[in-house]
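Everything numeric in this text was worked out from a predicted model, so none of it was measured. Note that these values count all heavy atoms, side chains included, but never hydrogens, waters or copies made by symmetry.
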Number of protein chains: 2
Amino acid sequence: MRIASQPLCDRSEHAAARRRLPVTETALERASMLFRAMGDPARLRLLGLLAQGPACVSELAAIEGETVSTISQRLRVLRNERLVTRRREGKHINYTLADQHVLDLVFSAMAHASEAPAAAGLSEFESTKEQS
Amino acid sequence: MRIASQPLCDRSEHAAARRRLPVTETALERASMLFRAMGDPARLRLLGLLAQGPACVSELAAIEGETVSTISQRLRVLRNERLVTRRREGKHINYTLADQHVLDLVFSAMAHASEAPAAAGLSEFESTKEQS
DNA sequence: CAATCACTTGCACATTTGTGCAACTGTCAA
DNA sequence: TTGACAGTTGCACAAATGTGCAAGTGATTG
C-alpha cells in the first residue's frame, strides 16, 4: 500500500537542485509532535496565558471557564512536549512556559497567520508567469 | 458544561503579575490551524523535502513511497494554511515552500525538539526549590 | 488521624483526522 | 478527437483526539 501506482513524471533535474539540509527522521517526528501539541486553539490559548505569567490549574480553569479536569488534560499534552513546566508550591502546582523558545514559536506562527487572512477562496494558481 | 465545579484557589497576585501580550482570539485560532497542519510527520517531511527545492506531486509520491492521492491530500492541507505554493508548469504542478518563515518555524521546532529527548519518564517535578 | 483542597487519571463517548480507491478535471501530443 | 499523463476530489472506513464524569493521588490543615 505504499507504492505509487500511477506512472511517474521524470523531473530529476529538480532533485539535483535540492539544497542539503540536516533533517533527521527522528527530529522531524519530534517536531511534528510538538506542532501537534500546539495545534489546538484551547492549548495554544493556554500557552498564551502562561506567556503572561505562571498560573495554577484551577486559575486557568477559572479563566477559561472549563473544568479543572479538562485544563489538566490539556496541560498534560503540553507537558509531554516540554512546552510547559510544572512546579509544586504548597497546595498548588504552578505551570510556566518551558522557555522563550516556545514563545518565539507562537509568535512566528501568529506572524505567518496574520500575513495571509487564512485560506478560503484563493485562486487556483497563485502566479502563472513562465514558459511551458 | 463550562463552569469549573471544583473549589478555586485564590492566586490573584499572579494575574496581576502578567505581562500584557497582543494575542487576539482569531490570530490564536489561525496559528493553531497552522500548527495543526504541521503537526503530522508525513506533512512535515513533505515540507522538509520542499525546503530542498520545488517538486511536483508524483516526484514527492515516488520519494515517499506513497500514492499520488495521499500526497495530494497532504499538500492540500499545507496549501490551505499557505505553507506551500503551487504553480502549473506544463504538465506538472510544482510545489514550493510559501516563504522562509515556514522554514524558520520548522527549524525552531526541531531545535526545541532536540534540546530535550522528548518526554517519557521525566521526574514528577522538574525542580523543587522554594518555600511553601 | 480525618477532612479538605489541588490536581491527575481511567474510562466511555462523540468528533476529527488520515488514508486509499475510484472517478473526475485538466494538459499535452499524435 | 483520442489517448496518455498529472493531479484532484468524493466517499467510506479505521484510527486518533478531545471531553467530562467519577474515582484516584498527594499535600496541608485541624
Side-chain angles (χ1 to χ4, degrees), chain A residues 1-11 14 32-33 35-46 54-62 64-81 84 86-95 124-125 128 130-132, chain B residues 1-11 14 32-33 35-46 55-62 64-81 84 86-95 123-125 128 130-132:
Chain A
M1 319 57 229
R2 336 213 92 232
I3 304 302
S5 57
Q6 300 183 21
L8 306 172
C9 64
D10 173 40
R11 318 279 312 306
H14 272 143
S32 77
M33 306 255 327
F35 282 136
R36 189 186 292 267
M38 296 199 283
D40 182 75
R43 286 193 297 258
L44 205 52
R45 201 161 43 233
L46 238 37
C56 65
V57 180
S58 40
E59 190 176 8
L60 294 167
E64 292 287 285
E66 300 270 3
T67 64
V68 171
S69 169
T70 298
I71 298 297
S72 183
Q73 300 271 26
R74 289 176 187 164
L75 289 170
R76 192 172 71 85
V77 175
L78 296 175
R79 198 151 46 83
N80 280 340
E81 298 306 320
V84 299
R86 179 210 216 194
R87 170 185 306 177
R88 178 133 234 159
E89 272 174 41
K91 266 190 193 174
H92 348 77
I93 296 175
N94 263 11
Y95 280 81
E124 250 315 270
F125 294 98
T128 326
E130 78 287 332
Q131 88 302 353
S132 154
Chain B
M1 13 340 276
R2 339 214 89 234
I3 304 302
S5 56
Q6 301 182 19
L8 306 171
C9 64
D10 174 39
R11 319 276 314 306
H14 273 145
S32 77
M33 307 254 328
F35 282 136
R36 189 185 290 266
M38 296 198 283
D40 181 73
R43 284 192 299 257
L44 205 52
R45 201 160 42 234
L46 238 37
C56 65
V57 179
S58 39
E59 190 175 8
L60 294 168
E64 291 288 284
E66 300 271 4
T67 64
V68 171
S69 169
T70 299
I71 299 296
S72 183
Q73 299 272 25
R74 289 177 187 162
L75 288 170
R76 193 171 71 85
V77 175
L78 296 175
R79 199 152 45 83
N80 280 341
E81 296 307 319
V84 298
R86 181 208 215 194
R87 170 185 306 177
R88 179 133 231 159
E89 272 175 40
K91 266 191 191 174
H92 348 78
I93 296 174
N94 264 12
Y95 279 82
S123 62
E124 249 316 270
F125 293 99
T128 325
E130 80 288 331
Q131 88 303 348
S132 152

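- Distances shown here put a side-chain N or O of B:Y95 below 4.0 Å from the OP1 or OP2 atom of D:dT8.
- A straight line from NE2 of B:H92 to C1' of C:dT27 spans 11 Å, rounded to a whole angstrom.
- B:R45 is linked by a side-chain contact (heavy atoms from CB on, under 4.5 Å) to A:E25, A:L28, B:A42, B:E64, counting only residues two or more places apart in sequence or in another chain.
- Closest to the side chain of A:V57, from the set D:dG7, C:dG18, C:dC7, is C:dC7.
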(request) Take A:V77 and A:D40 through the test side-chain contact (heavy atoms from CB on, under 4.5 Å) and record every step on the way to the result. (result) CA-CA 11 Å; A:V77 175; A:D40 182 75; over 6 Å; no

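- Considering every non-hydrogen atom in both B:R86 and B:Y95, the closest pair reads NE-OH, 3.5 Å.
- When the nucleotides D:dG7, D:dC11, C:dT8 are ranked by their closest atom to the side chain of B:Q73, D:dC11 comes out on top.
- Residue-to-nucleotide proximity on DNA chain C shows that, of B:V77 and A:R76, the 5′-proximal contact is made by A:R76.
- Rounded to whole Å, atom P of D:dG18 lies 12 Å from atom CG of A:N80.
- Side-chain N or O atoms of A:R43 include one that pairs as donor or acceptor with a backbone N or O of A:R36 at under 3.5 Å.
- In this structure, CD of A:E66 is placed 16 Å from P of C:dC7, rounded to the nearest angstrom.
- Nearest nucleotide to the side chain of B:V68, out of D:dA27, C:dT8, D:dG7: D:dG7.
- Atom CG in A:D40 sits roughly 11 Å away from atom C1' in D:dT19 (whole-Å rounding).
- Looking at heavy atoms from C-beta onward, A:I93 lies out of side-chain contact with A:C56 at the 4.5 angstrom threshold.
- Straight-line distance from the CZ atom of A:F35 to the P atom of C:dG18: 15 Å, rounded to whole Å.
- The phosphate of C:dA6 has neither OP1 nor OP2 within less than 4.0 Å of any side-chain N or O from A:R88.
- Between B:L78 and B:A37, the shortest heavy-atom distance links the atoms CD2-O, 3.9 Å.
- Between A:R74 atom CZ and C:dT9 atom P the separation is 17 Å, expressed in whole Å.
- Atom CG in A:L46 sits roughly 13 Å away from atom P in C:dC7 (whole-Å rounding).
- In this structure, CG on A:L46 lies 5.0 Å from CD1 on A:I71, to the nearest 0.5 angstrom.
- A donor N or O paired with an acceptor N or O is not found under 3.5 Å between the base of C:dT19 and the side-chain atoms of B:S69.
- Distance from the side chain of B:R86 is smallest to D:dT8 among C:dC7, D:dT8, D:dT9.
- Rounded to a whole Å, the CG atom of B:L75 is 13 Å from the P atom of C:dG18.
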With 3.5 Å as the limit, what N/O pairs link the protein to nucleotides 2-4 of chain D?
none

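- Distance from the side chain of B:R36 is smallest for C:dT17 among the nucleotides C:dG26, C:dT17, C:dT9.
- In this structure, B:R74 and B:E66 have side chains that are in contact, with non-hydrogen atoms separated by less than 4.5 Å.
- With C:dT9, C:dA6, C:dT19 as the choices, the nucleotide that has an atom nearest any side-chain atom of A:S72 turns out to be C:dT9.
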